[in-house]
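Here is the structure we will look at.
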Protein chains: 2
Amino acid sequence: MRMPVAELLPVTDVTACCTPIANADAAITPQQAELVARTLKALADPARLRLLSMVAAHDGAEACVCDLTEPLGLSQPTVSHHLKVLVDAGFLTRSKRATWAYYRLVPGSLDAVAALLTSV
Amino acid sequence: MRMPVAELLPVTDVTACCTPIANADAAITPQQAELVARTLKALADPARLRLLSMVAAHDGAEACVCDLTEPLGLSQPTVSHHLKVLVDAGFLTRSKRATWAYYRLVPGSLDAVAALLTSV
DNA sequence: CACAAACATTGACAGACGTCGATGTTTGTC
DNA sequence: GACAAACATCGACGTCTGTCAATGTTTGTG
């Protein structure tokens with residue numbers, strides 16, 4: 001009982017399109033993809049994008065929750081939640097003074113994401 | 001019955017942090033945020049990031065579904081679903097030849113997103 | 001120390017999302 | 001025209017996510 005030649009030597013069939021993953025190393029790893037996706041997920045929300053923009057546009061490039069709640073049109077807990085997501089993702093920093101929590105942009109964070117995208 | 005002065009003339013209390021939205025025009029509009037968020041959502045998934053990378057790394061910068069299903073480790077319907085999301089978002093183009101559907105990157109699409117981010 | 005203000009956290013709920021199996025559609029082949 | 005291959009679509013299911021009301025925590029004030 002002999003094996004067909006095609007199974008011993010998988011020739012590249014010109015009629016087929018499915019080339020056996022030419023250079024699999026060139027693509028990003030699943031771990032890299034997971035990491036980048038997690039960062040992008042933090043940005044992929046209209047409320048959070050507006051928050052980033054509003055913080056950047058605010059005086060001194062910093063703002064507290066009460067500055068953001070009303071113009072955003074969302075409840076205070078929801079705003080706090082979004083801000084936490086942005087802090088955890090490294091886009092904002094939180095500094096508490098008195099009863100207020102001031103948020104400000106992390107300088108190169110957005111540019112770093114932009115650089116990540118061009119490398120994909 | 002008189003109104004308190006504070007309600008007639010809301011003075012800017014220096015002890016308070018909540019400045020009345022200094023320059024609301026400087027921030028992005030809700031419509032812009034919605035649009036950018038929709039684009040980022042298409043990217044914010046590890047499987048889709050890997051698909052983009054695999055298409056870019058493939059010979060001729062184009063690949064069909066059967067090229068991508070096995071190395072991605074997901075079922076064919078799921079891969080088709082992700083590819084559709086990427087096409088709808090403008091990151092990939094689909095061209096059908098014979099029974100195969102070839103996907104290729106839209107040249108400047110990723111850079112456009114990167115530019116969007118720096119403008120937020 | 002009691003009270004109020006700013007903010008975070010919790011619990012709950014509706015809707016969106018990723019995934020798969022099953023099925024439909026198109027194209028080439030015998 | 002029957003059949004197979006490549007791919008898309010559909011239906012269903014579990015999980016994640018955005019949102020809010022209620023509550024907890026911390027800080028300043030009288």
Side-chain angles (χ1 to χ4, degrees), chain A residues 6 13-20 30 33-34 37-52 55 62-89 92-104, chain B residues 6 10 13-20 30 33-34 37-52 55 62-70 72-89 92-104:
Chain A
D13 189 351
V14 288
T15 64
C17 81
C18 305
T19 61
E34 188 75 40
R38 202 150 34 199
T39 301
L40 289 177
K41 272 183 198 299
L43 284 180
D45 181 274
R48 290 197 283 271
L49 288 174
R50 292 183 63 198
L51 281 175
L52 283 182
V55 169
E62 91 177 349
C64 59
V65 181
C66 58
D67 290 327
L68 308 166
T69 302
E70 185 233 325
L72 195 59
L74 294 177
S75 72
Q76 175 264 319
T78 302
V79 174
S80 280
H81 162 66
H82 285 310
L83 289 172
K84 176 175 171 53
V85 172
L86 290 172
V87 168
D88 290 345
L92 290 179
T93 59
R94 192 182 93 108
S95 64
K96 192 155 190 180
R97 296 201 296 273
T99 58
W100 296 287
Y102 290 89
Y103 290 89
R104 56 171 62 230
Chain B
D13 189 353
V14 287
T15 63
C17 82
C18 306
T19 62
E34 188 75 41
R38 204 154 28 205
T39 302
L40 288 177
K41 270 184 200 298
L43 284 179
D45 182 272
R48 289 196 284 270
L49 287 174
R50 292 183 64 197
L51 282 175
L52 283 182
V55 169
E62 89 176 350
C64 58
V65 181
C66 57
D67 290 327
L68 307 166
T69 301
E70 184 233 328
L72 195 60
L74 293 176
S75 72
Q76 175 264 319
T78 301
V79 174
S80 280
H81 162 67
H82 285 310
L83 289 171
K84 176 175 172 53
V85 172
L86 289 171
V87 168
D88 290 345
L92 290 179
T93 58
R94 192 181 92 108
S95 63
K96 192 154 189 179
R97 296 201 296 274
T99 58
W100 297 287
Y102 290 87
Y103 290 87
R104 57 172 62 231

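Chain A is the first sequence line, chain B the second, and so forth, proteins listed ahead of strands; every chain is numbered from 1. Worth saying up front: this structure is predicted, and the values here are computed from it rather than measured.
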So A:R94, base contact, sugar-phosphate only, or nothing? Heavy-atom distance under 4.0 Å. sugar-phosphate
B:T99 vs D:dA5: side-chain N/O to OP1/OP2 distance below 4.0 Å: no
B:E70 CD to D:dA5 P, in whole Å, measures 17 Å
For B:E62 and B:R94, what are the C-alpha separation, side-chain angles and deciding distance, and is it a salt bridge (Lys or Arg N to Asp or Glu O under 4.0 Å)? CA-CA 10 Å; B:E62 89 176 350; B:R94 192 181 92 108; over 6 Å; no
Closest to the B:A47 side chain, choosing from D:dC7, C:dC7, C:dT19: C:dT19
Between A:W100 (CH2) and C:dA8 (P), how many Å, whole number? 14 Å
Using whole Å, report how far NE2 of A:H81 lies from P of D:dT17. 9 Å
Select from A:K41 and A:Y103 the residue whose nearest nucleotide in DNA chain C is closer to the 5' end of that strand. A:Y103
Without decimals, in angstroms, what is the distance between B:L51 CG and C:dG18 C1'? 13 Å
On the side chain of A:Q76, is there an atom forming a donor-acceptor pair with the base of C:dA6 - under 3.5 Å, no angle test? no
Closest approach of A:P71 and A:R50, non-hydrogen atoms and distance? O-NH2, 3.2 Å
Contact class for A:R48 (heavy atom, under 4.0 Å): base, sugar-phosphate, or nothing? sugar-phosphate
Which sits closer to the 5' end of DNA chain D, B:T78 or A:L74, going by the nucleotide each is nearest to? B:T78
Measure from the side-chain heavy atoms of A:V65 and tell me the nearest of C:dC7, D:dT27, C:dC20. C:dC7
Expressed as a whole number of angstroms, how long is the span from B:L72:CG to C:dC20:P? 9 Å
Which pair of heavy atoms, one from A:V55 and one from A:Y103, lies closest together, and at what distance? CG1-O, 3.5 Å
Rounded to whole angstrom units, what separation is found between the CG atom of B:D88 and the P atom of C:dG18? 13 Å
Can you measure A:L83 atom CG to D:dT19 atom C1' for me and round it to whole angstrom units? 15 Å
B:L40 CG - D:dG18 P separation (whole Å): 13 Å
Taking only Lys NZ, Arg NE, NH1 and NH2, and the carboxylate oxygens of Asp or Glu, determine whether B:E34 and B:K41 approach each other closer than 4.0 Å. no
Select base, sugar-phosphate, or nothing to describe what B:K96 touches, counting heavy atoms under 4.0 Å on all strands. nothing
Identify the two heavy atoms, one from A:A42 and one from A:R48, that lie closest to each other, and give their separation to 0.1 Å. O-NE, 2.6 Å
Counting just side-chain N and O atoms, does B:H82 come under 4.0 Å of either OP1 or OP2 of C:dT19? yes
Return whichever of A:K84 or B:P77 has its heavy-atom-nearest nucleotide of DNA chain C closer to the 5' end. A:K84
